[in-house]
Amino acid sequence: MSEINNIEKCNCTIIHQDIVEKVNSLLPKEEVLYDLAELFKVFGDSTRIKILCALFEEEMCVCDMAKLLSVSQSAISHQLRLLKQMRLVKFRRDGKVVYYSLADEHVKHIFNEGLKHILE
């Protein structure tokens, strides 16, 4: 049997009320947990991950990202819209060109921690 299917569990139904109450008082509010889950969902798409990786290296426009990742500008724009909604990327306009970059250093930290975990 694989390790995933062999989850250890208690053989009793004792509730440690003090622990349950302590942890319950420390949990973030439901709305915050929902927002956190939504943030992590954004990392669940390989195109979005590639976009973030590219923006680690350089500020880029949609045309350049489309060429780099071999996907349509429409697909890149769609993914950037989601990343922008989650405040992971920002943009600036220079004439007719719109350049995207990472929103802040937190994005790099979140990404790097996930990458380190995967590479362990």
Side-chain angles (χ1 to χ4, degrees):
M1 187 181 295
S2 73
E3 198 173 306
I4 292 174
N5 293 328
N6 191 19
I7 302 296
E8 294 296 324
K9 60 183 180 179
C10 298
N11 292 322
C12 61
T13 57
I14 297 171
I15 303 297
H16 300 91
Q17 194 63 33
D18 55 334
I19 293 173
V20 171
E21 288 173 7
K22 175 186 174 194
V23 171
N24 188 48
S25 72
L26 298 172
L27 288 176
K29 294 184 182 200
E30 194 66 33
E31 303 84 41
V32 173
L33 292 174
Y34 176 82
D35 290 346
L36 183 60
E38 291 299 306
L39 172 66
F40 282 118
K41 282 182 191 178
V42 172
F43 291 99
D45 179 88
S46 62
T47 300
R48 289 191 292 266
I49 294 295
K50 289 175 187 175
I51 290 169
L52 291 172
C53 282
L55 295 178
F56 271 27
E57 303 305 326
E58 191 73 42
E59 174 183 71
M60 296 181 78
C61 72
V62 173
C63 302
D64 292 341
M65 282 186 263
K67 176 69 175 173
L68 175 70
L69 303 179
S70 299
V71 296
S72 70
Q73 289 184 30
S74 175
I76 294 291
S77 293
H78 174 73
Q79 299 303 341
L80 284 168
R81 191 169 23 262
L82 294 171
L83 292 168
K84 196 173 110 189
Q85 286 173 348
M86 294 308 298
R87 300 182 323 221
L88 296 172
V89 299
K90 62 184 178 183
F91 69 92
R92 71 174 180 85
R93 191 175 298 278
D94 185 6
K96 292 182 178 183
V97 181
V98 177
Y99 292 97
Y100 285 85
S101 61
L102 297 179
D104 57 36
E105 287 297 312
H106 292 112
V107 179
K108 283 185 179 181
H109 182 71
I110 293 166
F111 188 89
N112 284 334
E113 287 302 312
L115 188 58
K116 281 196 292 191
H117 179 73
I118 294 301
L119 296 175
E120 283 184 345

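The figures that follow rest on heavy atoms only: side chains count, while hydrogens, waters and symmetry mates do not.
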(request) Mind checking side-chain contact (heavy atoms from CB on, under 4.5 Å) for Val23 and listing every partner two or more places apart, or none if nothing turns up? (result)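 Partners of Val23 under the side-chain contact (heavy atoms from CB on, under 4.5 Å) test: Ile19, Leu27.
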
(request) Not counting sequence neighbours, which residues clear side-chain contact (heavy atoms from CB on, under 4.5 Å) with Ser72? List them please. (result)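 If we apply the side-chain contact (heavy atoms from CB on, under 4.5 Å) test to Ser72, skipping adjacent residues, the hits are Ser74, Ala75.
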
(message) Whether the side chain of Asn112 engages the backbone of Lys108 through a donor-acceptor N/O pair (distance < 3.5 Å, no angle test) should be reported.
(response)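 Between the backbone of Lys108 and the side chain of Asn112 there is a qualifying donor-acceptor contact (under 3.5 Å).
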
Count the heavy atoms of every other residue, nucleotide or ligand shown that sit under 6.0 Å from [atom1] of [X], and state whether that count exceeds 12.
X	atom1	answer
Phe56	CZ	yes
Arg92	CZ	yes
Glu58	CD	no
Ile14	CD1	no

Side-chain heavy atoms nearer than 4.5 Å, only ILVMFWY residues, links allowed to pass through others: does that put [X] and [Y] together?
X	Y	answer
Leu83	Met60	yes
Tyr99	Phe91	no
Val97	Leu80	no
Ile51	Leu115	yes

First locate atom [atom1] of [X], then atom [atom2] of [Y], and finally report the distance between them rounded to the nearest 0.5 Å.
X	Y	atom1	atom2	answer
Leu88	Leu39	CG	CG	5.5 Å
Lys22	His16	NZ	NE2	13.5 Å
Ile110	Leu52	CD1	CG	9.5 Å
Lys50	Asp45	NZ	CG	9.0 Å
Lys67	Ile76	NZ	CD1	13.0 Å

Can you name the nearest heavy-atom pair linking [X] to [Y], along with the distance?
X	Y	answer
Arg48	Gln79	NH1-OE1, 2.7 Å
Leu68	Ala54	CD2-CB, 3.7 Å
Cys53	Phe111	SG-CZ, 3.3 Å
Val62	Ser77	CG1-OG, 3.7 Å
Ala103	Arg87	CB-O, 3.2 Å
Tyr100	Leu55	O-CD2, 3.3 Å

(message) Please enumerate all residues that pass ring pair (Phe, Tyr, Trp, His ring centres under 6.0 Å) together with Tyr34, with sequence neighbours excluded.
(response)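 By the ring pair (Phe, Tyr, Trp, His ring centres under 6.0 Å) rule, Tyr34 matches no residue at all.
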
